[in-house]
Amino acid sequence: MTAPSEDRENPMATTKPDTEPAEREPEATPPARPADEVPRTGTGDSSIRDHERWQRFAGGEDPPETVKPGRLRALGRALRRAARSEWTIAGLTSVLLALAMTWPLAKHLDDRIPHDTGDPLLLTYILGWVGHALRENPAGIWDTNSFWPLDDAYLFTDTLMGYAPAALLITSPTSALVVYNVLYIATFALAFLGAYALLRQLGARVAGSAVGAAAFAYAPWKLGQAGHLQVLSSGGIALALAMLARGHGYSLRGGFKPERQRPGWILAGWLTALWQFAIGAGLGIPFVYLLLGIGVVVGLHWLAKRPRLRWQTLAANGIGGSVFSLGVLWIADKHAVVASAYPEAVRDAEYISWFSPTWQSFIIAPQESRVWGAAHEAARAELTWAPEQALLVGFTLAALALAGLVWSCWTGWQRVWLALGGAVVFAIAMGPNFLDDGSWAWALLYEYAPGWDAIRTPGRLAIYLTLILAVLAAGTLTRIADEADDLSHRARVDKRLKVKAPKRVHALLFLPIGLVLWEGLTVAPYAEVPEAPVDMSELEGPVLFLPAGGNDTKVQYWSLDGFPEVANGVAAFTPDEQAGIRSMSMGFPGEDAITSLREAGIETVVVLPGSLPGSDWAGMDTELDPYGVEVERTDTAVVYDLNAD
């Protein structure tokens, strides 16, 4: 993907761009030029050519090639250009930043996991299940080996289906950890690169785009979501918007340029949007409505202005939009079946209010923040569920964005619309905690927008608020860069030259990245993953691990070894039938509990250390074993075969 070139002094820009740069001189010769800028070497076309040669000489450029280079030489030059390309450097920067900000995870890909052993192990299990199902029985992907005997358990939480190619690499619990951790690091890299591409496409300069991208990728509120890969996977949102804008030849600074329409980028944008939706409906549903809203605005603009569109552009939108819509409807239909079969999955307003932000949430940091976590401890104590309500977007980002409302490279009306967009996102993100129980914002969507009632945590819309603030912040820094260049140009000695501000001046505009990354540092641990207490592949299912409940994510992860049927499972809700099995197990290994579990179809019960009521694990008397049950004891578990012959 290419984007506007910064200027001749920018080492990242080496190819001719297709988008309108903020600082490029007009392509056409102006009708009148100031006297001090007209070269005195002649008149007409020769005068212009002489002036262009002088500009190249004064700028230190090499003279144009007059002899066609050989193939090897041409290949070498192409490789050198690619190595110096803005997008090569941006890509490498995004990867290096991701590795540094998540260090030392890269050293422990096969035995540690970010944040804790709760949701991260659940998501690791989901990835493993996707890979297993696609290799063994793609049609049976919906019914996982966990949550036995329930149907469509794969759809009980975000599916991560977009990561299916990576999931195919999983063949064991250890390889599942490696894949999960690599994807975890990659989410930050893609978030940075996607936001950078979007900001460059909109017309921001390199420094502003880099700062805005860092703020989007490493916002402090994301530290509290470190256990939710599906929430961190937001880079596709920014990248899809960048591709669609580029494909349509649109930027904020240049407006719509019909000659810059690129149908290929339009198709890529729609496919990237579908990939983003396939990762999880939690972020996917709001993204669909965002694209729908943009489509309505673009459609109304076309009806009013009738800009010239190529037929290839219309065809790309038709094909790409159709593929996107069909994919979304297919996945949404699967989720709708689950919502119909399991009414307990529906959340009411009171439940959602418990997880929704308050008015102060967006300036309160999560406890994982190295910089602000301890300072905001008292403020978090007043929240009902701090992990979803501490949503600090970053004080550095907020300051630059506020400055961008009054002084920016974006036009006044563009800033007004950005501010209104941020206000709307803020109102919806507060859910029922907004004015009048959210009746004029979130409640309208909850009642009338299909799929919106499946969103348990509206605060995660902070992703879009962060992106809007990043656009405003990039506008501030771009305006500073423009003013610096303009000042240098006016102060030039030789009036024949086009002068830019020195590189060291532009380098100063990168300094806010340090503050942004500083605010994004974490104190969250990288948890060591426990080994399975038994050989999972040897268990005769269906199996129930006790105690059942919050630790079920470990059981699901362990079950990647052989995929035995297990009644355990953790998801976004607790199915009634699963709650019934848990209730039956109360009092185990009592006779009533064993009888109930046998009737329910449970073949094996595995009890983990310290969970048998009133028992001494180390010296448990074998005479207390229930009649008709074969018991095997190890240092790590007690295995009960309920149907032993």
Side-chain angles (χ1 to χ4, degrees), residues 117 121-122 125 128-129 132 136-137 140 143-151 153 171-174 176 529-571 574-645:
T117 56
L121 283 185
L122 167 62
Y125 161 76
W129 172 256
H132 168 76
E136 303 295 332
N137 180 22
D143 300 326
T144 66
N145 68 302
S146 61
F147 286 101
W148 178 91
L150 303 180
D151 297 327
T171 57
S172 66
T174 300
V529 178
E531 295 183 359
V534 295
D535 187 345
M536 299 293 292
S537 63
E538 296 297 324
L539 293 177
E540 184 177 352
V543 184
L544 175 65
F545 276 73
L546 295 179
N551 286 326
D552 283 1
T553 57
K554 297 177 184 177
V555 177
Q556 289 173 286
Y557 167 72
W558 293 331
S559 74
L560 293 177
D561 180 14
F563 292 95
E565 292 181 324
V566 294
N568 303 78
V570 171
T574 301
D576 291 342
E577 189 166 351
Q578 185 192 36
I581 292 177
R582 291 179 183 176
S583 179
M584 294 176 192
S585 69
M586 299 300 292
F588 189 89
E591 184 177 345
D592 291 342
I594 290 176
T595 300
S596 298
L597 291 175
R598 279 174 174 165
E599 292 176 352
I602 299 296
E603 296 280 343
T604 306
V605 175
V606 179
V607 181
L608 301 180
S611 58
L612 285 176
S615 65
D616 180 1
W617 181 265
M620 189 182 301
D621 192 342
T622 58
E623 293 182 0
L624 298 178
D625 290 344
Y627 177 75
V629 176
E630 183 178 316
V631 182
E632 178 185 354
R633 288 180 172 79
T634 69
D635 293 337
T636 54
V638 178
V639 181
Y640 293 82
D641 185 351
L642 302 188
N643 294 313
D645 294 333

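Numbers here simply count residues along the sequence, with the first being 1.
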Report summary line: Those residues at least two apart in sequence (or on a different chain) that pass side chain to side chain contact (heavy atoms under 4.5 Å, CB included) with Pro542 are Trp148, Glu565, Ile602, Glu603
Report summary line: By side chain to side chain contact (heavy atoms under 4.5 Å, CB included), Ala532 pairs with (sequence neighbours left out) Met536, Trp558
Query - Step-by-step side-chain contact (heavy atoms from CB on, under 4.5 Å) determination, Asp641 to Val629 - result: CA-CA 6 Å; Asp641 185 351; Val629 176; 5.6 Å; no
Query - Which residues share a side-chain hydrogen bond (donor to acceptor under 3.5 Å, both in side chains) with Ser172, sequence neighbours left out - result: Ser175
Query raised in the report: Looking at Tyr557 and Thr174, what are the two nearest heavy atoms and their distance?
Result: OH-N, 4.1 Å
Report task. Let me see the working for Val631 and Val639 under side-chain contact (heavy atoms from CB on, under 4.5 Å), right down to the final yes or no. Result -> CA-CA 6 Å; Val631 182; Val639 181; over 6 Å; no
Report task. Give, for atom OG1 of Thr595 and atom CG of Asp592, the distance between the pair rounded to the nearest 0.5 Å. Result -> 6.5 Å
Distance-only criterion, 3.5 Å: show the donor-acceptor pairs between side-chain atoms of residues 577-588 and protein atoms not counting sequence neighbours.
| from | atom 1 | to | atom 2 | distance (Å) |
| --- | --- | --- | --- | --- |
| Gln578 | NE2 | Gly569 | O | 2.8 |
| Arg582 | NH2 | Asp552 | OD2 | 3.4 |
| Arg582 | NH2 | Gly569 | O | 3.4 |
| Ser585 | OG | Arg582 | O | 2.6 |

Query - Pairwise distance OG(Ser559) to NZ(Lys554) - rounded to 0.5 angstrom - result: 14.5 Å
Query raised in the report: If every non-hydrogen atom of Val570 is compared with every non-hydrogen atom of Leu122, which pair is closest and at what distance?
Result: O-CD1, 3.4 Å
Report summary line: Sequence neighbours excluded, the answer for side-chain hydrogen bond (donor to acceptor under 3.5 Å, both in side chains) partners of Tyr125 is Asn145, Ser146
**Report entry** Set of side chain to side chain contact (heavy atoms under 4.5 Å, CB included) partners for Asp151, sequence neighbours left out
**Finding:** Asp143, Tyr342
**Report entry** side-chain hydrogen bond (donor to acceptor under 3.5 Å, both in side chains) contacts in which one or both residues fall within residues 537-549, not counting sequence neighbours
**Finding:** Asp535-Ser537
Requested in this report: Could you walk me through whether Leu642 and Leu597 pass side-chain contact (heavy atoms from CB on, under 4.5 Å), step by step?
Outcome: CA-CA 9 Å; Leu642 302 188; Leu597 291 175; 4.0 Å; yes
Report task. Give a yes or no on whether the backbone of Leu544 and the side-chain of Asn568 come within a donor-acceptor separation of less than 3.5 Å. Result -> no
Report summary line: For Ala153, the side chain to side chain contact (heavy atoms under 4.5 Å, CB included) test, sequence neighbours excluded, returns Thr144, Phe147, Phe156
**Report entry** Student check: side-chain heavy atoms of Thr553 and Thr117 closer than 4.5 Å
**Finding:** no
Report task. Find the distance between CD (Glu630) and OH (Tyr640) and round it off to the nearest 0.5 Å. Result -> 12.5 Å
Requested in this report: Measure across Pro533 and Leu608 and return the closest heavy-atom pair with its distance rounded to 0.1 Å.
Outcome: CG-CD2, 3.5 Å
